[in-house]
Amino acid sequence: MALPPQDERTVPAVVLTDIAERPLEQALADLQTLIDQHGHVIVVCSGAVPAAVRRRLYTIRALLETDRIALFRPPLPPLSVAVLVRQLRQLASCDLSPGVLASAGRLLTHYLHCGAVLGSVARLDRVPVGLTSHAKSWLPGSQFGVLAHPEPRLLRIDPEAALPGPDFGTWLLVAKGQLHSDWVTGTLAPSWNVSGVREATLPAESADWWGTPRLTEFCAFLPDLSVLYQLVASVRRSLCHWCGIDVIGDRCVFCSATPPPPDEHRRRGARHALTQGAAGTPAAGIPASGALSPVPARPRSPMRTYGS
């Protein structure tokens, strides 16, 4: 689900509708067109999407043999995934490289507080549910407040019920399903000191993610582009040793390579010193003319691929 723009600088999103049902050739052509138009593509999907969608995305990436597609599945409920995507769309208007922008998704995940009000937790498997809560979920009129991120919490809603919230200024986005509850806007929002409340359509995957259609989903987020940019720009950047792209964090979001162990860095440095020789003279085994053997072909990307 693509949320409406947060501000006038928010770039549009491309929704890959029915990507698993369409012919593979058509899906390949669509992704190749996006790469040709924009250079790099960041694909963000909810953990509740069918396995066929995930397999299709990995298959497309493997068949295109490209490191220009980043696949990101944040451990968030569907509404929060949509919020995160909109934050990345806001940042896409700034002077951030593709690697830093894609890496920002993992960073901004830590600043989202999200959950739901559920009419039943009998089928909830994303958050630990005790036996007592399972039993109470069968009582008529029972409602539960669930915090899925950043720290799972579950409680039965009553006048004194409260969930831990962010200690910084946020807005609250609310999406109502088949459950009428004023607890989010009447109790949760004031306790979290949110600056405002906005409503959105409930994502199609929410019922599967939460185990019931009787829910109201919510997400507290940072709406200001300047704050988002400051967070991302303040993090140390590094070059991926495999594909050379600029990233933040310990894993490249495009080729999935991780930094080599420290001893591997030392071995590479030693090999480099040997090729230089002493006092600028060629090392043993290298002709004085500087003629070198052809460079071997670059190995394939280390990212794991899956068949369709």
Side-chain angles (χ1 to χ4, degrees), residues 1-7 9-10 13 44 46-48 72-91 104-119 121 124 126-128 143-177 179-203 205-207 209-210 215-232 234-235:
M1 183 181 73
L3 292 173
Q6 180 70 25
D7 50 47
R9 295 186 58 177
T10 305
V44 185
S46 166
F72 183 37
R73 292 177 58 212
L76 298 171
L79 182 65
S80 303
V81 173
V83 170
L84 178 62
V85 169
R86 184 168 63 182
Q87 290 178 329
L88 294 178
R89 290 162 53 197
Q90 290 178 265
L91 289 169
R106 295 173 181 165
L107 172 66
L108 298 179
T109 297
H110 298 289
Y111 295 91
L112 295 175
H113 285 65
C114 50
V117 178
L118 306 179
V121 294
L124 177 63
R126 308 281 182 170
V127 175
Q143 293 187 1
F144 298 85
V146 184
L147 186 68
H149 186 83
E151 181 181 355
R153 293 286 184 88
L154 186 148
L155 52 80
R156 188 179 182 186
I157 292 179
D158 58 46
E160 303 298 326
L163 290 171
D167 55 2
F168 47 87
T170 61
W171 278 71
L172 189 68
L173 188 66
V174 181
K176 297 180 180 179
L179 177 69
H180 176 73
S181 176
D182 297 327
W183 182 78
V184 175
T185 55
T187 301
L188 184 71
S191 68
W192 283 10
N193 294 317
V194 298
S195 300
V197 178
R198 297 178 180 176
E199 291 191 4
T201 303
L202 187 72
E205 299 89 2
S206 291
W209 203 96
W210 293 104
L215 73 128
T216 296
E217 193 171 353
F218 57 85
C219 177
F221 64 98
L222 296 168
D224 194 346
L225 174 59
S226 61
V227 176
L228 297 174
Y229 182 81
Q230 184 178 4
L231 285 173
V232 176
S234 63
V235 180

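Position 1 is the first residue of the sequence, and the numbers go up from there. What you are looking at is a predicted structure, and each value in this text was computed from that prediction instead of being measured.
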With heavy-atom distances below 4.5 Å as the criterion, would you say the side chains of [X] and [Y] are in contact?
X: Phe72; Y: Leu84; answer: yes
X: Glu151; Y: Arg153; answer: yes
X: Phe218; Y: Cys114; answer: no
X: Ser181; Y: Gln143; answer: yes
X: Arg9; Y: Leu225; answer: yes
X: Ser195; Y: Thr170; answer: no
X: Trp192; Y: Leu172; answer: yes
X: Val117; Y: Leu215; answer: no

Between [X] and [Y], which heavy-atom pair has the shortest distance, and what is it?
X: Val127; Y: Leu147; answer: CG2-O, 4.2 Å
X: Ser46; Y: Arg73; answer: O-NE, 4.4 Å
X: Gly186; Y: Pro190; answer: O-CG, 3.5 Å
X: Gly119; Y: Leu179; answer: N-CD2, 3.8 Å
X: Pro223; Y: Gln6; answer: CB-NE2, 3.3 Å

Among Val83, Leu108, Val227, which residue satisfies the side chain to side chain contact (heavy atoms under 4.5 Å, CB included) criterion with Leu222?
Val227
Within 45° of the axis and under 6.0 Å from the centre of the six-membered ring of Trp171, does NZ or CZ of Arg198 qualify?
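Yes - Arg198 lies over the ring of Trp171, closer than 6.0 Å to its centre and within 45° of its axis.
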Under the side-chain hydrogen bond (donor to acceptor under 3.5 Å, both in side chains) test, which residues partner [X], sequence neighbours left out?
X: Tyr111; result: none
X: Thr216; result: none
X: Ser226; result: Asp224

Do [X] side-chain atoms and [Y] backbone N/O form a donor-acceptor pair below 3.5 Å?
X: Arg86; Y: Pro4; answer: yes
X: Thr109; Y: Gly105; answer: yes
X: Thr187; Y: Val184; answer: no
X: Trp210; Y: Glu205; answer: no

Please round to the nearest 0.5 Å and tell me the distance separating atom [atom1] of [X] and atom [atom2] of [Y].
X: Lys176; Y: Leu202; atom1: NZ; atom2: CG; value: 12.0 Å
X: His149; Y: Arg126; atom1: NE2; atom2: CZ; value: 14.5 Å
X: Cys219; Y: His113; atom1: SG; atom2: NE2; value: 10.0 Å
X: Ser80; Y: Phe221; atom1: OG; atom2: CZ; value: 10.5 Å
X: Ile157; Y: Phe144; atom1: CD1; atom2: CZ; value: 9.0 Å
X: Leu173; Y: Leu79; atom1: CG; atom2: CG; value: 5.0 Å

Check the side chains of Asp182 and Thr185 for a donor-acceptor pair under 3.5 angstrom, ignoring hydrogens and angles.
no
Do Leu3 and Val85 pass the side chain to side chain contact (heavy atoms under 4.5 Å, CB included) test, and can you show the C-alpha distance, the side-chain angles, and the key distance before you say yes or no?
CA-CA 8 Å; Leu3 292 173; Val85 169; over 6 Å; no
Go through the steps for Gln90 and Thr10 under the test side chain to side chain donor-acceptor pair (under 3.5 Å), then give the verdict.
CA-CA 4 Å; Gln90 290 178 265; Thr10 305; 4.7 Å; no
Residues Val232, Leu107; criterion side chain to side chain contact (heavy atoms under 4.5 Å, CB included); working and verdict
CA-CA 8 Å; Val232 176; Leu107 172 66; 4.1 Å; yes
